[in-house]
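See structure below.
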Amino acid sequence: MRSFSILRLAAPAFVLAMPAVAFAQTAPPASPASGTTAPAPSNTVPTSPGAQPAPGVQPTQGAPNAGAPASDSATASGQVTGTQTTTTTEPAAPAPADASAQIDLSGTAGARAAGTAPPGTSSGGFMDTRLTWTFGDDDFTHKTGELVPLSPTFGIGDRSQYRLFFDNLNSRFSGRENLTHLVMYKKLPGFIPNLTTEAALVLRFDLAQLAANTGNLNAALYDSGSYLRLFYKTGSNEREGLSATFFPLDTDRFRLGYLYDLSWGGTAASINQSIFPRIQGAAPGAKFQYDSEKFYAFAGFKTATIVQPEQVLSPGGENDVETVRVGEINYGFLGGLGVDPTENLRFDLGAGYFQQGKFDLEDVRGKNVYTYGGSGRIVVHQNMPVPQSVDFLLYKNDPNKPLVLFKPEKYEADKFAWSVSAELDYLQQHLKDFDVAGATKDQGAVGTAIQGVVKAGYLRFSATGIYRNLNFVVRNVPGFIPFETLPASAKTDPELFGAIAADYHFPALHLTPGIGGGIQMPATFRSEFTDGGVPAQRVIVVRQQGDESILPYNQDRSPIVQARVSMRWDLSDMFAVVAWMQLIRDNNGTLVVRDPTEGTASLRVFQSPNRIGASVAVQARF
């Protein structure tokens, strides 16, 4: 058996959570349902002449509409709004409650899963913007430089430490970014009866990256889901039919799984969430879907250029073979379906297979790397739609679909609603066998989530539980040791996570206080060995992507506790102020210091576990 030692290996982890602080955006008021087109707001590009909404439908003013998602079935937190993934809940809001409170229940099963609008509607372009001024300190109890990660004193600007592990469970963004989107959208009837054509160019501008003056325009301006789409109606219902969606640039919105942080098959390489390692450029693709009244099914593929070793004849014309590393096309195949057997019950299933290039390790060089697996979900709900992730939706501006992206959470005094969902994701990754030279082996990765949301009048409560083994946490590397299985002698601990959140809305005062908290047992990788004849062990704690700690000898992981109290004050439909205080207790952080007994030797010790921070954010969305 091969011997090995613990190194600080890159092991990305994605810690799942529920929202605690949220920044709401309000939609402009819809025009009366008179069948006439409402005037567009100043930030709306006028629709094309002759394109009118269906009679009796309220036009949507200058904002995107939830369209067919990249995954067509996804768990929602409502923490995000369309491609900008902006928050639409009140502070300390439970993840699923927002989006589910805002999504239309009408239409087919596939349309409800996808948020797909019916064909034949008018269209246009628009821009949506989020500007946030944040002032605070994520840890005012320690001086700058005492702890890692570093915490400067009170200042203006967002900080990664403001985001707790239970924040924005279903979004890649915190909700405090300064972002804007340019979306040019068009939709027209086709020359073939029952055929509708549409397309959207979606660009995201990261204003913070522009202000950083790094010169990296790829981080400041990039595609966020541009697409072309055909829809052919096959039934009497406007939402029944066949659709084909083509992604000419990137398919990150086309994923498997239903909760964003449990999803897989994405292509966001800039945040280490690409199923294609060593990808060059983006990953275009296509998706085909059928929708009926209580059923939907989809299939699609995506391609990526991956740098991989290839054996070629030497240029001299001899029979010698040399290895070169070139960019080669690799494929990913995705499929899934969903059914509503009753009004309050939903089942979703999905599966995929992804080529991931070839091994560049000496004894297995040239052999194929790949990942395959499946995802499933069951949802039981009452007076609350099936939750879905708006991060997977296509950007649209369709007056026949009620605006859901910018609406604040609605509270009704006499309404009681609830939703419970359970998800399971299981992957197999074909990697080099760590213990057998020249051999490969499939390694399993498992992730599960259970969520519950209850709304009773002005009170909202949610609870979430997460389980992910270490292999699932690092599924995008792939492997904790890149491209290799775990050693047979190594031991691991899974990530266990639980969180609750609650808020109460006072409509007369426009105030919404909230509270949230969670406990996380982080995933670990451990090795056991003998040190001078004495048994010992070394543990690496993996909290999340790029956030690992090597613990001192014979020390084990400790639970991480995080909590926040917040207060939101809405000053208008587009302007809000949110203040919060947060506590983090993480006794898994370590520092390397000089050993006081030896003078020159290094010693790894625990750092102070407690951090207390406070901040206020002023935000506008329009």
Side-chain angles (χ1 to χ4, degrees), residues 15 17-25 77 79-80 84-95 129-169 171-179 206-209 211-212 408 499 501-504 510-518 543-544 547 560-572 574-586 589 608-621:
V15 180
M18 292 202 58
V21 174
F23 305 89
Q25 164 68 30
S77 83
Q79 289 303 301
V80 292
Q84 74 172 24
T85 60
T86 52
T87 315
T88 58
T89 63
E90 308 293 311
T129 302
R130 178 175 70 227
L131 295 175
T132 307
W133 182 92
T134 305
F135 180 82
D137 187 351
D138 60 285
D139 181 20
F140 54 77
T141 59
H142 298 90
K143 294 182 179 180
T144 305
E146 288 186 2
L147 303 182
V148 177
L150 298 178
S151 173
T153 189
F154 281 88
I156 299 174
D158 190 26
R159 304 182 185 184
S160 60
Q161 292 90 332
Y162 287 148
R163 184 166 182 169
L164 306 185
F165 61 70
F166 57 84
D167 281 341
N168 293 348
L169 178 61
S171 171
R172 59 175 286 183
F173 293 107
S174 68
R176 291 178 295 272
E177 294 84 5
N178 289 286
L179 297 171
D206 189 328
L207 305 179
Q209 286 290 339
D503 64 42
Y504 191 88
H510 303 286
L511 292 176
T512 309
I515 185 170
R543 300 181 192 84
Q544 60 181 353
D547 188 359
I560 302 172
V561 180
Q562 298 184 354
R564 176 188 284 134
V565 293
S566 62
M567 175 66 72
R568 176 186 178 83
W569 182 24
D570 292 301
L571 299 179
S572 75
M574 60 162 281
F575 206 99
V577 178
V578 181
W580 72 89
M581 179 171 287
Q582 63 187 42
L583 166 67
I584 300 175
R585 178 173 176 81
D586 182 358
S608 176
N610 298 319
R611 292 173 177 257
I612 301 177
S615 187
V616 60
V618 180
Q619 186 173 77
R621 289 187 179 165

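Here, residue 1 is the first one in the sequence, and each next residue gets the next number.
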Distance-only donor-acceptor check, side chains S151 and H142, under 3.5 Å = no
If you count the non-hydrogen atoms of other residues, nucleotides and ligands that lie under 6.0 Å from CH2 in W133, is the total more than 12?
-> yes
So, do R564 and D167 sit near enough that their side-chain heavy atoms are less than 4.5 Å apart?
-> yes
Hey, does F575 have a side-chain heavy atom less than 4.5 Å from the side chain of D570?
-> no
Report the C-alpha separation of Y504 and T512 in whole Å, then their side-chain angles, then the decisive distance to 0.1 Å, and conclude whether the side-chain contact (heavy atoms from CB on, under 4.5 Å) test is met.
-> CA-CA 6 Å; Y504 191 88; T512 309; over 6 Å; no
Looking at side-chain heavy atoms only, is the closest gap between L164 and I584 below 4.5 Å?
-> yes
How long is the span from the CG atom in D139 to the CD atom in Q161, to the nearest 0.5 Å?
-> 9.0 Å
CZ on R585 to CD1 on I612, rounded to 0.5 Å = 11.0 Å
T141 to N610 - nearest heavy-atom pair and separation = OG1-O, 4.1 Å
Apply side-chain contact (heavy atoms from CB on, under 4.5 Å) to V578 and V616, showing your working.
-> CA-CA 6 Å; V578 181; V616 60; over 6 Å; no
Do the side chains of L179 and D206 get nearer than 4.5 Å, heavy atoms only?
-> yes
Aromatic rings Y162 and W580: how do their planes relate, parallel, tilted or perpendicular, breaks at 30° and 60°?
-> perpendicular
Where S615 and T134 come nearest, the two heavy atoms and their spacing = OG-CG2, 3.3 Å
Salt bridge or not for D503 and R568, using N-O below 4.0 Å?
-> no
May I ask you to decide if G175's main-chain N or O and Q619's side chain share a donor-acceptor pair within less than 3.5 Å?
-> yes
Given side chains that start at C-beta, do those of L207 and L131 come closer than 4.5 Å, heavy atoms only?
-> yes
Is the closest side-chain heavy-atom distance between P149 and R611 below 4.5 Å?
-> yes
Do S566 side-chain atoms and A579 backbone N/O form a donor-acceptor pair below 3.5 Å?
-> no
Step by step, work out the side-chain contact (heavy atoms from CB on, under 4.5 Å) result for T132 and V618.
-> CA-CA 6 Å; T132 307; V618 180; over 6 Å; no
Residues R543 and D586 bridged, charged N to O under 4.0 Å = yes
The reported gap from CD in Q562 to CG in L583 (rounded to nearest 0.5 angstrom) is 8.5 Å
Got a sec, which residues hit salt bridge (Lys or Arg N to Asp or Glu O under 4.0 Å) with R159, two or more places apart in sequence or on another chain?
-> D137, D138
